[in-house]
Number of protein chains: 4
Amino acid sequence: MRDHVIGEVPGTRGRIDKRLAMLDAAFRIFADVGYEQASVESIAAEAGVAKATIYNHFGDKERMFREVLRADGDRALGDHLEIVATLVTPSNNIRAALEHVGLELLIRYFDPTTVWYRRLLVAGRATFPDVLESVRTNVTERVMAALADRLSELMRRGQLRDADPAVAAEQFWALLVTPAENRTQLGTRDVTSAELRESTSRAVDTFLRAFGA
Amino acid sequence: MRDHVIGEVPGTRGRIDKRLAMLDAAFRIFADVGYEQASVESIAAEAGVAKATIYNHFGDKERMFREVLRADGDRALGDHLEIVATLVTPSNNIRAALEHVGLELLIRYFDPTTVWYRRLLVAGRATFPDVLESVRTNVTERVMAALADRLSELMRRGQLRDADPAVAAEQFWALLVTPAENRTQLGTRDVTSAELRESTSRAVDTFLRAFGA
Amino acid sequence: MRDHVIGEVPGTRGRIDKRLAMLDAAFRIFADVGYEQASVESIAAEAGVAKATIYNHFGDKERMFREVLRADGDRALGDHLEIVATLVTPSNNIRAALEHVGLELLIRYFDPTTVWYRRLLVAGRATFPDVLESVRTNVTERVMAALADRLSELMRRGQLRDADPAVAAEQFWALLVTPAENRTQLGTRDVTSAELRESTSRAVDTFLRAFGA
Amino acid sequence: MRDHVIGEVPGTRGRIDKRLAMLDAAFRIFADVGYEQASVESIAAEAGVAKATIYNHFGDKERMFREVLRADGDRALGDHLEIVATLVTPSNNIRAALEHVGLELLIRYFDPTTVWYRRLLVAGRATFPDVLESVRTNVTERVMAALADRLSELMRRGQLRDADPAVAAEQFWALLVTPAENRTQLGTRDVTSAELRESTSRAVDTFLRAFGA
DNA sequence: TATGAATGAGTGTTCATTCAT
DNA sequence: GATGAATGAACACTCATTCAT
């Protein structure tokens, strides 16, 4: 839980370092114990600054929470879109292409940073439903749409059978993620990369049986 | 949020009623705002008793939380096993049988009580990982095993192709639940029964394409 | 500043004692340093209770302040009206009657409790203008009206010349209080009873020269 | 509350302007909310400078408060002495002379700047009793002495009856100020100039009945 | 058993003040 | 001389828990 580092510089002495340290510490603490349970004091301690410094920078706890979410949300969106974009498959090997994308998505999905990010969202769900909605429309939906777009391209090329691409995308995602997630106990346990590879393989198996040309 | 009633009998003034009222109020409040955020005071108020009475009965907040979880966990397990058991299919119509079980499971899954129960688990995740583990082994795994058992029976009968029943069960569940859940925004929105039926239908479609005989 | 005691019972053990001790301590601290500057912690310490006990009883700081004001305001009104009522003078000695009432009013006015009460009002002026207004209409104006009523009676009897009784009351009060107050430095210094007697005598002198029959 | 300007020159960017702007802002804020309640931050903002600049100039909050008081105290003393000095009455019309001086004093007394200044003193009473004492000896007493001196002159001339001039001054002041002040509710309400004129007239009436030749 | 009253430890937030640039 | 950034101490208020009745 100590390896999400945005930009801390160990020998801290600059100004910007403090802000980054604070965002960073906030991310970890919020993800760890949830919004309500995270004390500003503990975030300050983790960041190595005084409590008041946090207030100087962010105004209040809520604004800090939103700032943290925004900063990481943008990065996550970029990451995922990039991965989905690789599903262009000049090659004929659909299985390999799907397994590549699937595994990459799964790796991201279970990356500690992403796991924490999901926890952040869940942790703040009751208090900040608007943030949740914003993430869904700006991240989840756009990733799903990109995936559907790629799958529809594969359908047009005859590499997948004709079907509703949105449904296909949704089900690909479900087959990929849900069985793997069940094994992590809501993120309590880590998953090995072997497990991820096996999960991907099983998901692609079933997906191709259902949607293969 | 006021319709989960374990055993309140408003007019009665006996001892047991108080205990039930307290468990009941605790369930609602815990599910509503999470373990940490739920104040013993608010639970006492909701149950119509004095704060100290809660301590007389449960010792402390944590023990009350566990009590609530256990009481409802047992009930949930029974419900789900019953539903899965209906997948005996004397008839030849697999699709109808799967859709029946799928819809029933989905209805349970999005029943307010169950939604609250999942929230309870997530809310207490950080503080009570042992409870989470216990639910997984005692509820999730047993339901999955029962489902796999039914599917394996269908495979033996030749109504589904030969495959790993555990994987099939897991993927059936994933196809069923994940797309539907994505639409509820982590439980922020309700789902209509029409949506549930459509979700079930799509899940069974794809499942049968992949696992049909 | 430690002699305003409403009902403290030294060997404190009952329930009601705590409430009185709190009101009492609040009165002293508020009067001493003002509403904003008075810390709930210090009031709790002065009352010998825990901070939370104050919140259990009064809800919040503002409600405690209002409670304190109300409790003492009622008593003050009664006191003053009683004094003014003595101005019935069956005897012919107006000077003696006026000096008696004047001295009594002045004694009350510079009684530590009353001094503190005025400080309380001034201290809360900015934050609670409504309280100030309420005291003015319910206490100040009623005392002035009672005084005017007594003076008008004396005019009817021919013991004072005919004049506007309201103005006479107002000016009697001004002659009585203001010179004395100037010597206390906004209540910083105490006044001796000799000074009060002299102030009264001078005020009555001038008042009778202006309003004597 | 924004019309007390000591020397702000908006267009200028020199050094002295900043100091004046700070003193000016401090006066307004201190008078508005009191010493303890005034935040250095708000004064800095009102003055358009950085918080640290205030500390460069005044050392700390207390020294700034004293500086502000001293600057304005001198001006107030001058004003009042000048007014009292006009009570030389070459003319025979005492009533007119007294009404002139009385009205002028009353106007000053209820001038927003003076009202704020009195609030400043009251606000700082508990924290800075020495300042209060200094104002009393350097301003109040000197104004009273000047007034007594003028009245004694009138007595010598036979325009007022023989009496203790100090007492006469004190009572003139009381008759003048107290009834008017009662109507402002400790400065919460403004007074109209008509009210001031009426108050003056009543005060002079009574004063002349008591002290007229 | 049920309760009203009390409390110690904490929470988010503000503020006067300092320091490096 | 002027500033932006940082901080320690304090404050109003909350909460899980205990105790006497």
Side-chain angles (χ1 to χ4, degrees), chain A residues 12-19 22 36-44 47-64, chain B residues 13-16 18-19 22 36-44 47-64, chain C residues 12-19 22 36-44 47-64, chain D residues 13-16 18-19 22 36-44 47-64:
Chain A
T12 316
R13 78 220 167 277
R15 231 115 281 165
I16 209 128
D17 297 336
K18 295 237 161 168
R19 187 180 182 87
M22 284 158 68
E36 326 268 10
Q37 208 53 24
S39 84
V40 175
E41 175 118 24
S42 69
I43 293 176
V49 302
K51 221 185 335 180
T53 303
I54 289 189
Y55 284 89
N56 283 343
H57 276 260
F58 301 102
D60 63 9
K61 193 184 172 187
E62 172 172 342
R63 251 144 49 205
M64 176 170 49
Chain B
R13 291 245 118 251
R15 252 115 267 179
I16 289 175
K18 292 236 161 167
R19 188 180 182 88
M22 285 159 69
E36 325 270 10
Q37 210 54 24
S39 81
V40 175
E41 173 117 29
S42 69
I43 293 175
V49 302
K51 234 190 315 187
T53 305
I54 288 189
Y55 283 89
N56 285 342
H57 274 261
F58 301 102
D60 63 10
K61 194 183 173 188
E62 171 173 342
R63 245 128 69 195
M64 176 171 48
Chain C
T12 316
R13 78 220 167 276
R15 231 114 279 164
I16 209 130
D17 297 337
K18 296 238 161 168
R19 186 180 182 88
M22 284 159 69
E36 326 268 9
Q37 207 53 24
S39 84
V40 175
E41 174 117 24
S42 70
I43 293 175
V49 302
K51 220 191 327 185
T53 303
I54 290 190
Y55 284 90
N56 284 344
H57 276 260
F58 301 101
D60 62 9
K61 195 184 172 186
E62 172 172 343
R63 267 180 349 236
M64 175 170 49
Chain D
R13 292 247 117 249
R15 253 116 266 180
I16 289 174
K18 293 236 161 166
R19 188 180 183 85
M22 284 158 69
E36 325 271 9
Q37 210 55 23
S39 80
V40 174
E41 174 117 29
S42 68
I43 294 175
V49 303
K51 233 188 318 185
T53 304
I54 287 188
Y55 284 89
N56 285 342
H57 274 261
F58 300 101
D60 63 9
K61 194 184 173 186
E62 172 173 342
R63 245 128 70 196
M64 176 170 48

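A, B, ... follow the sequence lines: proteins, then strands. Residue 1 opens every chain.
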Taking all non-hydrogen atoms of both residues, which atom of D:Ala50 and which atom of D:Ala44 are closest, and how far apart?
C-CB, 4.1 Å
Can you tell me if D:His57 touches the phosphate of F:dA2, counting only side-chain N or O atoms and a distance under 4.0 Å to OP1 or OP2?
yes
The reported gap from CZ in B:Phe58 to CZ in B:Arg63 (rounded to nearest 0.5 angstrom) is 11.0 Å
Mind listing the closest non-hydrogen atom pair of B:Met22 and B:Ile43 along with its distance?
O-CG2, 4.2 Å
Inter-residue atom distance B:Lys61.NZ - B:Glu36.CD, 0.5 Å rounding:
6.5 Å
Watson-Crick or G-U stems of DNA chain F, 3 or more pairs, under 3.5 Å, by first number:
E:2-21 with F:2-21
For A:Lys18 and F:dT7, is the shortest distance between a side-chain N/O and OP1 or OP2 below 4.0 Å?
yes
Specify the separation, in whole Å, of atom CZ of A:Arg63 and atom C1' of E:dG12.
13 Å
A correct 5'-to-3' footprint of nucleotides 10-17 of chain F, with B, S and - meaning base, sugar-phosphate only and no protein heavy atom under 4.0 Å, is BSBBBBBB
Who pairs with C:Glu41 by salt bridge (charged side-chain N to carboxylate O under 4.0 Å, His left out), at least two apart in sequence or on another chain?
C:Lys51
B:Thr53 or C:Ile54, whichever maps to the more 5' nucleotide of DNA chain E:
B:Thr53
Whole-Å gap separating C1' (F:dA5) and CG (A:Asp17)
13 Å
Closest approach of A:Asp60 to A:Tyr55 (non-hydrogen atoms, all atoms of both residues)
CA-CE2, 3.9 Å
Taken to the nearest whole Å, CD1/D:Ile43 to P/E:dC15 is 12 Å
